[in-house]
Amino acid sequence: MRDVAVVGFAQSDSMRRETDRNEVEILIPVMQELRKKTGLTNDQVDFVCSGSSDYLAGQSFAFIAGLDAVGAWPPICESHLEMDGAWALYEAWVKIQMGYADLALVYGFGKPSMGDLPLTMALQLDPYTTMPLWPDAISIAAIQARLCQEGGTLSAEEMAERAVRDRGNAKSNPYAQVKGDFSVDGILADPYIANPLRKHDCSPISDGASVMIIASAEKAREFQDRPAFIRGFEHICEPMDFGVRDLTSSKSTEIAAEKAGVRADKIDVAELSAPFTHQEILVERALGLDESTNINPSGGALAGNPIMAVGLTRIGEAAARIWDGSADRAVAHATSGPCLQQNLVCLMEGN
Amino acid sequence: MAELTAVVGIGQTKYVSKRLDKSMPGLIREAAERALEDAGCTWNDIDAVIMGKAPDMFEGVMMPELFLNDAIGGAYKPMLRVHTAGSVGGSTGIVAASMVQSGIHERVLCVAYEKQSESNATWALSISLPFSLASVAGAGGYFAPLVRGYIRRSGAPEDTGIRVAVKDRQNALRNPLAHLQLKDISFEMVANSPMLWDPIRYLETCPSSDGACAMVMENEALAGKRSNKVAWIHATEMKSEPTMFSGRDQVMPQAILDNSKSLYKKAGITKPREEIDCAEIYVPFSWFEPMWMEGMRITDINQGWKMTYEGATALDGDFPVNMSGGVLSSNPIGASGLIRFAEAARQVRGIAGDHQVDGAKKALGHAYGGGSQYFSTWIVSSDKP
């Protein structure tokens, strides 16, 4: 395996509703900021990969316009996944592993505010059996949360603790959308929006974009004195059907974490993109995290959830803590599909 | 540095307008099972699954690979979903190959599909968003002016496209999987078909198809032990350019010229027309055969039509193109690129049946998409590099 590191990152604000700019216009200034911060020029880039979803844009081939943000001229070696940018990073990492590239530019972007996101996500479900019932994304997650609570997997208090922690951490994150001082008692006094989920158990709906540079070890130090070397990069997908998997644990995260070697040593920082508080608990457990790890210093997905960029953003937030020396070993997580169906784990080290 | 990788199993469905007997999971599973059978593998032998398809609105399911994951044996395995416009099938094959070439996996399955009968492709391609430039032209309306531009530049005779269509439709009669089987196809039949987007006639266009294509790929340690012929991947390449800007040449995009140059360099090819035995090229409208013969540097700029005219691209010509009948005969959009790649592999494995090119050892697979701006290509061979 080649040693490959995350060496550059930029993100937009997580915005509830960006009314004046389209998806690409959100992406362009983020791309410009990254170039300004790192001095990156197009001729240094061997491969470009992105993640986005046509259904968020409400348009077929919506990702093509992203090329205008990259400045794809002369023509570039490029690919796109209909997935979160975290998986686009994986494809780029593979390209570097195979020796076809030394440096790659990766981005993810989405503007879910153009539609009704919880209902749009219903279109992700089995179109023959589940989708015709139009179950929205919050209701689906609530079924999972109820299973967890009634089976004794976790409690409403533990869920509220995650919201308090993440939104508190987010106070120091200028890009975060939901932040502040909350209390467990205060949250538990709130009404349900889909029993047993309260508003604070849900991530916000966010428009946004993020951009990243990864490079082989030889090139990495041109950009960072302390690159965030990717030492484990795994992703696993479960079947979607709710009846054939255990919704009270995240088996795919467990498998990915095991293969990535997450538990081999202490984890200083973890950035998780679980969009609901009960899912964050399941992911923490699947990764084997405890109090010794600083979890979601940025606030995680519960503080800002620019879907299709949020997973890539977790990797960028974790990498930044290796760059600044506050962490030696960091893990980032991304998820996709209903009830944590598909999960990605990226383990990074400073040494 | 890259691990040598080979195609060891290929599976396709029969391509038809409406596959009413199968759901989407059933359709892709049919192709995947055939690929596994061809490779002599079971679902458990697969390390990862790579899925590709064109826009989700073609079926009306957002990120359908999630609900399809179980049907293609992806449960508790790594799964990726590729989407690079019309070139996606080719890109899916390239991403799958990279999983083995990088040394990360030993054996992967890739599947690409489209079930166009679930929705309406022209609707899905014609959505106009506020404050955005939209052609609302469908694919034919977009590409017809580019064909006109090619005719003007090259001086190609106006019936070149008709000749391509007749040739591809004759080839399709030799491929039992091809969607359109026009038994009495003739020059007159194509020439007399309605003009849809001048200069493109009805019979010079591709159909709307349901179908899926799958491939199993292995590293050298596994594939090298096989007694049957495999298709060794010599090189892959992807190139993209923006949709529009002042000065962009949409008739002969720089991205395809760059793609072919880089592809041949990686494959060690200096004289493509002599060294490559046959090609499966993405030709959704007949005129793109001569245009892409030039883009892929098989012949000189503005000379592609002569290859068609001289019969060079016919099954018995010196550079056969679209032996399977091509996109003109079967077009499940998201799969069409992977079918090109798979048919190239079938040729060098010597298992292309009645549309086999005798002694084919090295073949080119090509796909393109967007507004002639995404290009995916590969070179496969019966011999190791």
Side-chain angles (χ1 to χ4, degrees), chain A residues 1-2 22 48 53-55 57-61 63-65 67-68 70-83 87 90-91 94-100 120-121 123-128 130-131 234-241 244-245 251-252 255-256 336-338 341-342, chain B residues 1-3 23-24 49 54-67 69-70 74-85 91 94-95 98-99 101-104 118 124-125 127 129 131-132 237-243 245 248 253-255 258-259 262 369-371 373-374:
Chain A
M1 282 286 170
R2 294 180 83 186
N22 65 23
V48 177
S53 164
D54 278 355
Y55 259 92
Q59 187 183 25
S60 293
F61 302 126
F63 61 90
I64 293 179
L67 290 177
D68 293 334
V70 178
W73 189 260
I76 57 171
C77 188
E78 186 255 358
S79 182
H80 171 265
L81 298 176
E82 198 82 354
M83 307 177 81
W87 277 268
Y90 181 86
E91 185 184 336
V94 169
K95 276 282 192 298
I96 298 179
Q97 291 301 333
M98 66 186 277
Y100 265 32
T120 303
M121 298 304 279
L123 291 164
Q124 213 174 50
L125 304 170
D126 185 315
Y128 303 102
T130 322
M131 186 271 143
E234 302 287 345
H235 62 102
I236 296 286
C237 191
E238 302 183 21
M240 176 181 279
D241 195 292
V244 301
R245 57 186 171 119
K251 193 175 170 191
S252 50
I255 298 170
S336 179
Q341 185 193 351
Q342 186 176 27
Chain B
M1 192 180 305
E3 290 255 350
S23 63
M24 279 180 260
V49 178
D56 293 357
M57 285 167 199
F58 281 3
E59 285 85 7
V61 186
M62 179 185 184
M63 299 157 75
E65 64 281 0
L66 290 168
F67 99 93
N69 188 46
D70 207 11
Y76 300 102
K77 290 177 186 173
M79 185 275 290
L80 292 176
R81 156 70 192 290
V82 183
H83 180 15
T84 62
S91 307
I94 291 173
V95 172
S98 72
M99 295 301 147
Q101 291 168 316
S102 60
I104 291 166
E118 297 278 343
L125 290 174
I127 296 169
L129 289 181
F131 311 114
S132 296
E237 188 55 274
M238 296 162 84
K239 291 282 185 190
S240 317
E241 67 184 48
T243 315
F245 60 87
R248 177 177 177 236
Q254 191 62 40
D258 287 5
N259 183 304
S262 171
Q373 66 191 118
Y374 284 86

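Computed over heavy atoms, backbone and side chain alike; hydrogens, waters and symmetry mates excluded. A, B, ... follow the sequence lines: proteins, then strands. Residue 1 opens every chain.
Ranked by non-hydrogen atom pairs under 4.5 Å with chain B, the options Y90(A), F63(A), W87(A) are led by F63(A). Per-residue heavy-atom pair counts under 4.5 Å with chain B were compared for P239(A), C237(A), S60(A), and the maximum is reached by C237(A). Counting heavy-atom pairs closer than 4.5 Å to chain A, the top residue among I94(B), V49(B), T84(B), T243(B) is T84(B). With chain A as partner, the option from P253(B), S262(B), S98(B) having the largest number of non-hydrogen pairs under 4.5 angstrom is S98(B). When the candidates I76(A), V244(A), D126(A) are compared by the number of heavy-atom contacts under 4.5 Å with chain B, I76(A) comes out ahead. Interface summary for chain A: among R248(B), R81(B), E237(B), E65(B), the most heavy-atom pairs under 4.5 angstrom belong to R81(B). When each of P55(B), S240(B), A75(B) is checked for heavy-atom pairs under 4.5 Å with chain A, S240(B) comes out on top.
Remark: D258(B) pairs with Q254(B) by the side chain to side chain donor-acceptor pair (under 3.5 Å) rule, at least two apart or across chains. Residues satisfying the side chain to side chain donor-acceptor pair (under 3.5 Å) test with N259(B), not counting sequence neighbours, are T377(B).
Nearest heavy-atom pair, D56(B) versus D54(A), reported as atom, atom and distance to 0.1 Å: N-OD2, 4.3 Å. The shortest non-hydrogen separation linking V94(A) to I104(B) is CG2-CD1, 3.5 Å. Nearest heavy atom pair, residue M63(B) against residue E82(A), reads CE-O, 3.5 Å. Contact between Y55(A) and G60(B) at its shortest, heavy atoms only, is OH-CA, 3.1 Å. Closest approach of C77(A) to K239(B), counting heavy atoms only: N-CD, 4.2 Å. The shortest heavy-atom contact between T120(A) and M62(B) is O-SD, 3.8 Å.
The line from CZ of F245(B) to CG of D68(A) is 9.5 Å long, rounded to the nearest 0.5 Å. Atom OH of Y128(A) and atom OG of S23(B) lie 5.0 Å apart (nearest 0.5 Å). Expressed to the nearest 0.5 Å, how far CE of M99(B) lies from CE of M98(A) amounts to 9.5 Å. Going from atom NZ of K77(B) over to atom CD1 of I255(A) covers 11.0 Å, rounded to the nearest 0.5 Å. From L66(B), atom CG reaches atom CE of M83(A) across 7.0 Å, with rounding to the nearest 0.5 Å. Note that the CE atom of M131(A) and the CZ atom of F67(B) stand 12.0 Å from one another [nearest 0.5 Å].
The aromatic rings of H83(B) and F61(A) are tilted relative to each other, their planes meeting at an angle between 30° and 60°.
Judged purely by atom type and a 3.5 angstrom limit, Q342(A) uses its side chain to pair as donor or acceptor with the backbone of M79(B).
When heavy atoms are compared at a cutoff of 4.5 Å, A256(A) does not approach chain B at all. Contact annotation for N69(B): only side-chain heavy atoms (C-beta onward) come within less than 4.5 Å of a heavy atom of chain A. Both the backbone and the side chain of E238(A) come within contact range of chain B, each with at least one heavy atom under 4.5 Å from a heavy atom of that chain. Heavy-atom distances place both the backbone and the side chain of S79(A) under 4.5 Å from chain B. Within the 4.5 angstrom heavy-atom criterion, no atom of E59(B) approaches chain A. With a 4.5 angstrom heavy-atom cutoff, S91(B) does not touch chain A via any of its atoms. Interface remark: P64(B) contributes no atoms to any contact with chain A (heavy atom separation under 4.5 Å).
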When you look at Y100(A) and M238(B), which way does the side-chain contact (heavy atoms from CB on, under 4.5 Å) test go after all the steps?
CA-CA 11 Å; Y100(A) 265 32; M238(B) 296 162 84; over 6 Å; no

For this session: Please test H235(A) against L80(B) for side-chain contact (heavy atoms from CB on, under 4.5 Å), starting from the C-alpha separation and ending with a verdict.
Result: CA-CA 9 Å; H235(A) 62 102; L80(B) 292 176; 3.7 Å; yes

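Using a 4.5 Å cut-off on side-chain heavy atoms (C-beta onward), V82(B) and L81(A) make contact. With contacts defined as side-chain heavy-atom distances shorter than 4.5 Å, the pair M24(B)/P127(A) qualifies.
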